Every structure is written in C-alpha cells, then in structure tokens.
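If you scroll down you'll find the structure; I have some questions about it.
Predicted model only: the values in this text are computed from it and were never measured. No hydrogens, no waters, no symmetry mates; every other heavy atom, side chains included, goes into these values. First listed ligand is number 1; within each ligand, the first listed atom is number 1.
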Amino acid sequence: QNLAVGIDKMDFYAPGYFVDMANLAQARGVDPKKFNEGIGQDQMAVPPITQDIVTMGANAADFLTEEDKAAIDMVLVGTESGIDQSKSSAVYIHHLLGIQPFARSVELKEACYSATAALHLGLDYVRTHPERKVLVVASDIARYGLETSGEATQGAGAVAILLAANPRLALVDPDSAFMTEDVMDFWRPNYTDKAMVDGKLSLRQYTHVLEQVWDKYQAETGLTLDDFEAVCFHLPYTKMGLKGLRRLMKGASDEKKDSLRTYFEASEQYSRRIGNVYTGSLYLSLISLLDQAEGLKAGDRIGMYSYGSGSVGEFFSLILADDFQAGQDKAAHEAFLDQREEISVDRYEALFNDVLPTDGSELTLTAEHPSETYYVQGIADHQRHYAKR
Ligand code: CAA
C-alpha cells in the first residue's frame with residue numbers, strides 16, 4: 001500500500017515557432033511591460049498546422065525506451081483541445097509511439113486539471129502493479145483569438161510523464177486535497193475552436209480554489225508551508241502563479257518568502273518562453289524548477305497546485321527522489337527552446353488562421369520545422385493521418 005511510486009521520467013515539447021511578446025504588445029498598441037511584467041510572459045509558442053495534441057504528445061514522449069514501451073499498461077491523455085468527439089487521442093499516441101498492444105488508452109477532460117487526475121489514476125495502478133508503467137500525456141493548444149484580452153495568454157505544448165515504482169525523479173505523496181465547484185469562468189462549446197473566458201472571474205476562482213484546497217490539505221496532513229521547499233503552480237500566465245504563491249506565503253517569515261520566491265522564479269522560466277499549455281502547464285513548471293533551481297536536494301517536498309476552470313482544483317506534493325538530478329537534462333531543454341524560430345506578428349496571425357478544414361475536405365501537409373518528429377500528414381476520408389520522420 002505504501003509502495004514508493006511516482007514520476008520516473010518526464011519531458012516536454014513545444015512547437016518550433018514563437019512570437020516575442022514585446023512585438024505582440026507593439027502590434028496591439030499595448031505597453032510591452034504589461035505583457036512582460038503585468039502578465040509575466042516573454043515569448044508565446046505558435047503551433048503550425050502540422051502540430052496537434054497527438055503529435056505534440058508523441059513528440060514530448062519521444063524519450064521512451066523500448067523497455068518502457070513494453071512495460072506501459074496505460075496511456076492517459078489529459079487535454080481540452082480534443083481532435084475527435086469519440087476516438088481518444090491516446091489511441092493515436094499509443095500507435096505512434098509503438099507501445100505494447102495490451103494497454104488501456106483513454107483521454108480525460110476537465111480543462112487544465114485533467115492531467116493531474118490522470119497522474120493519480122495512473123499511480124493507483126502502479127501501486128498494485130509495481131512491475132508495470134503508465135504514460136501520462138498532457139497536450140494542448142491555448143487559443144483565445146486574435147486581438148482578444150486572452151491573446152497574450154495563449155501558447156501550445158505537451159508534457160509526457162512516465163509513472164513507475166521506485167521512480168528516479170520524484171515520489172508522489174498520496175495525500176491530496178481536491179474540490180469541484182461549478183463555475184463558468186472558462187469553457188469552449190463544441191462549435192468553436194477558441195476558448196470563451198470571463199477573465200476576472202477565472203482569476204478569482206483560481207485563487208478561491210487554491211485557498212480551499214490548501215486549507216484542507218494542511219488540516220488533513222498537519223503539514224505547513226515550512227514543510228515545503230518549493231511550490232509549483234498551474235501557470236496560465238506566470239503572474240497568476242505569483243499571485244497564488246503570495247496567497248500561500250501570508251504570515252511566512254521573510255526568509256521563507258525569499259526562498260519560495262527564488263524557487264518560483266526557477267519554476268516559471270519555461271512557461272515564460274512557451275505560454276499557457278493548459279493541462280501540461282503545472283508539469284512544465286516542475287520541469288523548469290528541477291532544471292533551473294539551485295539547492296534542491298533529495299527528500300525535499302515540492303507542493304503542486306493544479307487548477308482547471310469550470311472548476312476543479314487539487315493540492316498535492318512530491319518528494320524528490322535520491323537520483324532526481326540525473327534524470328533531468330537542463331542543457332537539452334535550453335537548447336530545445338533556443339532552436340525554435342522567432343516569427344513576426346504577421347506570420348503568427350497567418351499561422352493562427354491556418355487551421356485544418358472542418359468541412360470534410362482533404363489536404364496533404366509537409367512538416368517544416370526540424371523539431372516535428374511526429375506531424376500531421378493530412379486529412380483523407382475524414383481521418384487525420386500522422387507520420388514520423
Ligand atoms: N506595466 C506593467 N504592468 C501592467 C501594465 C504596464 N504598463 N499595464 C497593465 N499591467 C498589469 C496590470 O496591473 C495587471 O497586473 P495585476 O493583475 O497584478 O494587477 C496585469 O498587467 C494584467 O492587466 P489587466 O488585468 O488589465 O489585463 P487584461 O484584463 O487585459 O487581461 C487576463 C488579463 C484577464 C488574464 C486575460 O489575459 C485573460 O482573460 N486570460 C485568459 C484567462 C486566464 O488565463 N485566467 C487565469 C485563471 S484561469 C486558469 O488558470 C485556467 C486556464 O489555464 C485558462
């Protein structure tokens with residue numbers, strides 16, 4: 001029952017193109033400081049038509065070894081950018097990665113929260129099947145629309161997480177506090193590919209749910225902020241996480257506040273350069289923390305706040321494993337972000353409007369950016385076709 005299970009390996013993928021937020025601000029007639037400091041974003045990933053949640057998820061999970069693929073019993077995809085009302089994106093990802101056939105493949109949905117549900121469901125399975133593994137993929141494209149107030153908080157990307165017993169990166173503490181509250185702060189009806197949002201309500205709800213689950217977590221576990229070395233947040237934009245951190249730090253000593261702020265700055269680095277990746281955002285901030293923070297050590301407890309509009313939230317924690325540093329590749333992650341191509345605001349707008357047809361017409365595509373190992377090859381017979389190069 002108390003078997004040590006958690007995150008064995010983890011990586012991310014972001015599309016090969018990005019727009020500089022200062023250029024976007026200029027094009028929109030906004031002070032760049034609003035985007036860079038007020039929102040806390042420096043760059044925004046822009047997906048080409050050849051990347052969807054399936055290809056970004058497969059690209060993120062490209063680290064899996066043949067041994068991993070033989071041991072994976074479940075592929076769980078958290079997303080709110082589904083490509084089909086019936087068939088799960090997990091089935092496509094299972095196929096593209098070549099995972100052994102006797103596996104469950106399912107997609108889960110609850111806005112930005114669902115990958116956290118997938119993580120806990122997957123860990124419950126590993127606890128009872130310690131020789132086996134589970135792949136969790138969080139993959140999304142955040143679209144609000146050109147010249148909308150949400151525009152500066154778009155982004156795209158995926159995180160892939162391999163769950164196993166005796167994990168290399170972090171143990172996941174099964175103690176957790178979560179809640180559901182039906183609120184219309186953010187949603188996307190089937191007839192549109194752009195999110196609808198009540199921005200100010202979404203901020204309030206993010207914070208309200210954080211306060212509720214944090215209080216419940218402390219009451220049930222007896223842990224306090226002093227037990228946490230760092231806290232990672234869902235980062236719809238990095239300033240939102242900072243607002244969350246400030247809530248948790250109320251009453252903390254100056255020394256503790258300084259240390260938590262320094263760790264927060266490490267955790268926001270990759271989101272600052274990619275934007276909102278919805279379901280993967282919390283886990284992208286964890287990867288950023290493990291890469292960029294100095295002074296973390298085995299046994300440290302990391303708080304995790306997951307929030308999905310609509311709304312569901314959860315607070316839980318990880319304990320860094322003995323070998324956690326060996327499992328991370330900071331240089332590779334930085335090189336990956338650096339090899340992306342900066343595009344103009346005009347090109348971003350063109351890519352934003354260049355979407356797959358929704359009327360059943362066919363097309364064939366070729367991937368252009370070198371990072372697109374897996375890409376959408378086209379549509380034929382009402383089916384998306386994928387390829388690996
Ligand atoms: N220099 C520095 N800062 C400036 C500035 C300037 N010249 N001009 C404005 N700012 C600051 C503002 O003071 C504000 O900071 P504070 O929040 O700390 O006060 C910040 O920039 C943003 O300014 P506004 O509040 O005026 O921004 P806005 O109304 O144009 O839009 C938004 C902000 C509501 C977040 C909008 O981008 C949006 O709707 N985004 C999508 C929804 C979202 O991300 N919600 C987050 C919680 S919901 C969630 O987490 C789920 C999810 O993933 C969507």
Please determine if K34 has a nitrogen or oxygen closer than 3.5 Å to a nitrogen or oxygen of ligand 1.
-> yes
Report yes if some N/O of H234 lies less than 3.5 Å from some N/O of ligand 1; otherwise report no.
-> yes
For the pair E362 (side chain) and D381 (backbone), establish whether a donor and an acceptor sit closer than 3.5 Å, ignoring hydrogens and angles.
-> yes
Pick whichever of A142, G150, G40, S309 has a heavy atom sitting closest to atom 38 (C) of ligand 1.
-> G150
In ligand 1, which numbered atoms sit nearer than 4.0 Å to a non-hydrogen atom of F186?
-> 54 (C)
Residue, atom name and distance, where the atom is the protein heavy atom closest to atom 40 (N) of ligand 1 = T153 OG1, 3.2 Å
Using 30° and 60° as the class limits, which term best fits the ring planes of Y270 and F12: parallel, tilted or perpendicular?
-> tilted
Going by the order shown, which atoms of ligand 1 are within less than 4.0 Å of some heavy atom of Y237?
-> 35 (C), 44 (O), 46 (C)
According to the interplanar angle, ranging from 0 to 90°, do the rings of Y92 and Y386 count as parallel (below 30°), tilted (30 to 60°) or perpendicular (above 60°)?
-> perpendicular
Decide whether E181 and S311 meet the rule of one side-chain donor and one side-chain acceptor closer than 3.5 Å.
-> no
Using a 4.0 Å heavy-atom cut-off, say whether E151 meets ligand 1 through its side chain, its backbone, both or neither.
-> neither
Under a 4.0 Å heavy-atom limit, does K239 contact ligand 1 with its side chain, its backbone, both, or neither?
-> side chain
Is atom 32 (C) of ligand 1 less than 4.0 angstrom from some protein heavy atom?
-> no
For atom 7 (N) of ligand 1, the closest protein heavy atom turns out to be D31 OD2, 2.9 Å
Closest heavy-atom approach to atom 50 (O) of ligand 1 among A111, A195, P236 is made by P236
Pick one of side chain, backbone, both or neither for how S202 approaches ligand 1, counting any non-hydrogen atom pair under 4.0 Å.
-> both
Taking atom types as modelled, is there a side-chain donor on Q41 or E268 under 3.5 Å from an acceptor on the other?
-> no
Is the closest N or O pair between E37 and ligand 1 shorter than 3.5 Å?
-> no
For ligand 1, which atoms sit closer than 4.0 Å to a heavy atom of Y307?
-> 48 (S), 49 (C), 50 (O)
Would Y217 and F315 count as a close aromatic pair, with their ring centres under 6.0 Å?
-> yes
In the protein, what heavy atom is nearest to atom 39 (O) of ligand 1, and what distance, to one decimal place, separates them?
-> G199 CA, 3.5 Å
Do you see a donor-acceptor pair shorter than 3.5 Å between the side chains of Q43 and R340?
-> yes
The one among S281, G38, A25, G155 that brings a heavy atom closest to atom 3 (N) of ligand 1 | G38
For ligand 1, which atoms have a heavy atom of K200 less than 4.0 angstrom away?
-> 24 (P), 25 (O), 29 (O)
Using the six-membered ring of F63, assess whether NZ or CZ of K9 lies under 6.0 Å from its centre and within 45 degrees of the ring axis.
-> no
among protein heavy atoms, the one nearest atom 42 (C) of ligand 1 is V197 CG2, 3.6 Å
Evaluation steps, ring-ring contact (aromatic ring centres under 6.0 Å, His included), between H120 and F316 = CA-CA 10 Å; H120 291 296; F316 66 104; 4.7 Å; yes
Scan the protein's non-hydrogen atoms and note whether one is under 4.0 Å from atom 12 (C) of ligand 1.
-> no
Within 45° of the axis and under 6.0 Å from the centre of the six-membered ring of F352, does NZ or CZ of R143 qualify?
-> yes
Do you see a donor-acceptor pair shorter than 3.5 Å between the side chains of S306 and T116?
-> yes
If we only count N/O pairs under 3.5 Å, is S149 in contact with ligand 1?
-> yes
Check ligand 1 against Y144 and write out every atom of the ligand that is under 4.0 Å from a heavy-atom position of the residue.
-> 41 (C), 42 (C), 54 (C)
Sub-4.0 Å protein heavy atom next to atom 15 (O) of ligand 1 | yes
Where does the angle between the aromatic ring planes of H234 and Y206 fall among parallel (under 30°), tilted (30 to 60°) and perpendicular (over 60°)?
-> tilted
What residue and atom, counting heavy atoms only, is the protein's closest point to atom 2 (C) of ligand 1, and at what distance?
-> K33 O, 3.6 Å
Side-chain donor/acceptor of D185 to backbone N/O of G310, under 3.5 Å | yes
Indicate yes or no for a side-chain donor-acceptor contact from R389 to the backbone of A367 under 3.5 Å, with no hydrogens or angles considered.
-> yes
Protein contact of atom 19 (O) of ligand 1 - nearest heavy atom, named by residue and atom, plus distance = K243 NZ, 4.0 Å
